[in-house]
Amino acid sequence: MPILKTARNHFNEDLTRASNMLDHARPLQSGLLRDDILRATWMFSVGACDAYFSDAYADLIARTLRAKEKQSSISIPDRLNNLRVPVVAVIRKSTGGWRWRMAARELIEDENVLSLEKIRSLFNQFCNNNNKLVNNNTIGDWIVHKDAKVRMFGISGSDYKKLAGKRKESEKKKALIKFESRFKETFQRRHDCIHNCDRPKVRPQTITDKAVKKRIADIRFLVDRCEDALVDQFPKYLNDLGFSNTTISQVTK
């Protein structure tokens, strides 16, 4: 199965479920019930994001372990060598890559991936220095992407393209801060909904269907851009470790 295919399929299904909830809420009469369905939609959308990155991490770890199993003489980074793989996974008789996939999933099942810093800490090990996720080197390409929105970066792609030199570098830094801040708000709102019914102070926070729709689009944008980078970088990562083209083909197809 292609890299991240399972994670992508589940994400698409889950985000569609969130969008269906949004469609259900829109025609309802204004009031607390409508707002609570919108809150549930927000939580579901962020949950889809969390599940995607958890599944994606398990996928890439499992494929790396499969490659190591096929070419045991190849050294892999200490970070992977020192993973505490459950004993049951080692003795499990699952065929193909499922043994390692299940083991990798168990490694992260008690965590969540609800911060950009967490995403970077898990996935940048699979990317070379010029293609790390969500940093100053790569944020420029995201700003000018056809699906990018000003609300994400504080600047349009067309305006960004007009800049040069120090001004462009300055705007990249501002855009990264803006992007990180927006997702911090997105993830925190999910936390507020779950832990205090969206009432961090005295009253429930206001919510609108338009705001929820934009957050769903933001989450899809983040997942799409990260997946593009990881699908491109992972075979190169295995190649840099020294695995043969045959092994790489076997564990990534």
Side-chain angles (χ1 to χ4, degrees), residues 1-12 48-71 74-83 85 96-97 100-101 103-105 107-108 111-148 152-153 157 172-173 175-176 179-180 183 218-253:
M1 182 177 290
I3 300 172
L4 307 182
K5 185 67 173 180
T6 297
R8 165 54 66 171
N9 286 344
H10 289 172
F11 175 75
N12 287 344
C49 180
D50 182 16
Y52 172 84
F53 284 110
S54 294
D55 282 346
Y57 180 72
D59 190 332
L60 299 184
I61 291 293
R63 292 177 192 275
T64 304
L65 295 176
R66 284 175 59 200
K68 173 67 174 176
E69 187 175 46
K70 292 177 180 295
Q71 284 186 260
I74 300 295
S75 297
I76 59 176
D78 289 341
R79 181 171 181 175
L80 297 184
N81 266 323
N82 295 331
L83 287 175
V85 178
W100 296 121
R101 179 174 177 78
R105 194 67 183 82
L107 288 170
I108 200 171
E111 300 186 54
N112 65 59
V113 190
L114 293 181
S115 75
L116 296 187
E117 185 56 40
K118 183 68 172 181
I119 291 170
R120 286 189 286 249
S121 72
L122 290 177
F123 293 98
N124 276 345
Q125 61 181 306
F126 302 111
C127 303
N128 67 35
N129 289 335
N130 293 323
N131 291 278
K132 302 295 186 184
L133 300 181
V134 203
N135 69 6
N136 277 332
N137 287 335
T138 54
I139 201 69
D141 289 339
W142 289 23
I143 295 171
V144 300
H145 192 276
K146 63 180 179 62
D147 295 329
M152 299 178 187
F153 302 107
K172 282 170 62 176
K173 292 177 182 179
L176 181 58
F179 191 77
E180 290 176 334
F183 274 93
D218 292 351
I219 287 170
R220 183 176 292 281
F221 181 88
L222 173 66
V223 168
D224 286 352
R225 302 290 73 72
C226 287
E227 182 170 295
D228 287 347
L230 292 169
V231 169
D232 174 68
Q233 288 293 302
F234 185 66
K236 299 175 184 177
Y237 163 79
L238 294 179
N239 181 263
D240 289 343
L241 289 179
F243 289 107
S244 69
N245 289 336
T246 299
T247 295
I248 294 171
S249 179
Q250 289 173 341
V251 302
T252 57
K253 301 297 184 183

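Just so it is clear, the values below take in all heavy atoms, side chains as well, and ignore hydrogens, waters and symmetry mates.
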Check: F183 ring centroid to F179 ring centroid under 6.0 Å: yes
Minimum side-chain heavy-atom gap L241-K68 below 4.5 Å: no
Contacts of D224 that satisfy side-chain hydrogen bond (donor to acceptor under 3.5 Å, both in side chains) - sequence neighbours left out: R8
Closest heavy-atom pair and its distance - C49, V223: SG-CG2, 4.5 Å
Gap separating the OG1 atom of T252 from the CZ atom of F243, nearest 0.5 angstrom: 12.0 Å
Heavy-atom check, side chain of N137 versus side chain of N131, under 4.5 Å: no
T247 side, atom OG1; K70 side, atom NZ - distance, nearest 0.5 Å: 7.0 Å
Separation of F126 CZ from D240 CG (nearest 0.5 Å): 13.0 Å
Sub-4.5 Å side-chain heavy-atom contact between E227 and Y52: yes
Residues E69 and R66 bridged, charged N to O under 4.0 Å: no
4.5 Å side-chain heavy-atom contact, K253 and I248: no
Heavy-atom closest pair, residues A67 and V251: N-CG1, 3.8 Å
Heavy-atom side-chain proximity of Y57 to V113 below 4.5 angstrom: no
Flag side-chain contact, heavy atom, 4.5 Å: W142 against D228: no
Under 3.5 Å donor-acceptor, K132 side chain and N124 backbone: yes
pair L4-L60: side-chain heavy atoms closer than 4.5 Å: yes
From I61 atom CD1 to L65 atom CG, the distance as rounded to the nearest 0.5 Å: 6.5 Å
Test item: S54 side-chain N/O and A51 main-chain N/O as donor-acceptor pair under 3.5 Å: no
Heavy-atom side-chain contact between C127 and L230 under 4.5 Å: yes
Nearest heavy atoms of M152 and D147, plus distance in Å: CE-O, 4.2 Å
Polar side-chain atom of K172 near backbone of N136 as donor-acceptor pair, under 3.5 Å: yes
Pair D59 + R63, salt bridge at N-O below 4.0 Å: yes
Gap between atom CG of D232 and atom NZ of K236 - 0.5 Å precision: 3.5 Å
T138-N135 side chain donor-acceptor pair, cut-off 3.5 Å: yes
Distance (rounded to the nearest 0.5 Å) between N12 CG and N9 CG: 6.5 Å
Stepwise side chain to side chain contact (heavy atoms under 4.5 Å, CB included) check, L222 with F53: CA-CA 11 Å; L222 173 66; F53 284 110; 4.2 Å; yes
Shortest non-hydrogen contact from A56 toward A7: N-CB, 3.9 Å
D55 vs F11, side chain to side chain contact (heavy atoms under 4.5 Å, CB included): CA-CA, chis, key distance, verdict: CA-CA 9 Å; D55 282 346; F11 175 75; over 6 Å; no
